[in-house]
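Let me begin by presenting the structure, written as structure tokens, before commenting on it.
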Amino acid sequence: MMRAWILPMLLVLSGSAVAIDLIFEGSPGTAAALLLAFLALAGVTSPLIFPRSIGAREAERRSAVDGRPVVFWRPGCTYCMRLRIRLGRSARRLHWVNIWRDPAGAAEVRAANNGNETVPTVVVAGRPHTNPDPAWVREQLSSSA
């Protein structure tokens, strides 16, 4: 659970250190701009941009009831961030499983990907799809509505 916050914390600390150095060098405008850039990167890489995760078993149960896809992801994964951002508001309608928090979810991803924890892995109607195109995922979501 803690490793999800390592990169965002490093970005905040690094950005703060660079900004402080620039302020002492007499460049407060540059310091503010760089600090904002580092904070934005920290926000994007944090698990906060993802909808609340649930366990794999609960996600499978909910998916069986409502037909919505299950997305297996992990914090810091650029492909997961790409999927989340490109889905926009519709991402909240999916069932999200953080494989770093859920061993059953990690095991399911390894089973679908030849032993690798490749994410995002999206399960639609019981079939796993590794790193699918966000537009395709959106189509699957609209067909389950």
Side-chain angles (χ1 to χ4, degrees), residues 1-23 28 30-145:
M1 179 164 81
M2 185 60 185
R3 58 183 170 171
W5 290 100
I6 291 174
L7 181 59
M9 286 190 301
L10 285 174
L11 287 167
V12 168
L13 291 173
S14 300
S16 300
V18 169
I20 289 169
D21 186 49
L22 286 169
I23 288 171
T30 305
L34 278 175
L35 183 58
L36 284 175
F38 274 89
L39 290 174
L41 284 171
V44 168
T45 60
S46 83
L48 294 177
I49 68 163
F50 290 90
R52 186 171 175 270
S53 288
I54 57 177
R57 300 301 162 243
E58 178 64 15
E60 290 168 359
R61 186 191 69 73
R62 290 181 186 184
S63 180
V65 171
D66 61 21
R68 295 180 184 170
V70 176
V71 180
F72 293 92
W73 71 284
R74 66 173 168 74
C77 166
T78 55
Y79 298 104
C80 298
M81 286 185 277
R82 174 182 150 255
L83 177 64
R84 168 59 187 99
I85 291 167
R86 296 235 351 247
L87 287 174
R89 287 184 174 187
S90 62
R92 297 204 182 282
R93 296 179 48 217
L94 299 164
H95 304 294
W96 294 80
V97 178
N98 180 345
I99 66 168
W100 280 357
R101 284 192 173 175
D102 186 52
E108 190 164 330
V109 168
R110 285 191 302 271
N113 294 294
N114 299 319
N116 298 310
E117 289 186 351
T118 307
V119 289
T121 297
V122 179
V123 177
V124 178
R127 293 195 53 205
H129 304 272
T130 304
N131 196 18
D133 183 81
W136 180 84
V137 175
R138 192 176 298 110
E139 287 173 18
Q140 303 311 305
L141 189 55
S142 64
S143 67
S144 69

**Study point:** Step-by-step side-chain contact (heavy atoms from CB on, under 4.5 Å) determination, Asn98 to Trp73
**Key:** CA-CA 5 Å; Asn98 180 345; Trp73 71 284; 3.9 Å; yes

Using 0.5 Å steps for rounding, measure from the [atom1] atom of [X] to the [atom2] atom of [Y].
X: Thr30; Y: Ile23; atom1: OG1; atom2: CD1; answer: 10.5 Å
X: Met9; Y: Ser14; atom1: CE; atom2: OG; answer: 11.5 Å
X: Glu108; Y: Arg57; atom1: CD; atom2: CZ; answer: 5.5 Å
X: Leu94; Y: Ser63; atom1: CG; atom2: OG; answer: 9.5 Å
X: Leu22; Y: Leu34; atom1: CG; atom2: CG; answer: 6.0 Å
X: Arg92; Y: Arg84; atom1: CZ; atom2: CZ; answer: 5.5 Å

Practice item. Establish, from distance only, whether the side-chain atoms of Ser53 and Asp102 form a donor-acceptor pair under 3.5 Å. Key: no

Exercise for review: Check for a donor-acceptor pair, side chain of Asn116 on one end and backbone N or O of Thr118 on the other, with a separation under 3.5 Å.
Suggested key: no

Review point. Counting N and O atoms only, with roles assigned by atom type, does the side chain of Arg110 sit under 3.5 Å from a partner on the main chain of Asn114, one being a donor and the other an acceptor?
Key: no

Measure the shortest side-chain to side-chain distance between [X] and [Y] over non-hydrogen atoms and say whether it is less than 4.5 angstrom.
X: Asn113; Y: Phe72; value: no
X: Met81; Y: Thr78; value: yes
X: Trp96; Y: Ile54; value: no
X: Arg82; Y: Asn131; value: yes
X: Pro128; Y: Val122; value: no

How close do [X] and [Y] get, counting heavy atoms only, and between which atoms?
X: Pro134; Y: Leu87; value: O-CD2, 3.6 Å
X: Val70; Y: Glu60; value: CG2-N, 4.4 Å
X: Ala104; Y: Ala56; value: C-CB, 4.1 Å
X: Phe38; Y: Gly15; value: CG-CA, 3.4 Å

Point to revise | From CA spacing to verdict: side-chain contact (heavy atoms from CB on, under 4.5 Å), Glu58, Arg61 | key: CA-CA 5 Å; Glu58 178 64 15; Arg61 186 191 69 73; 2.6 Å; yes

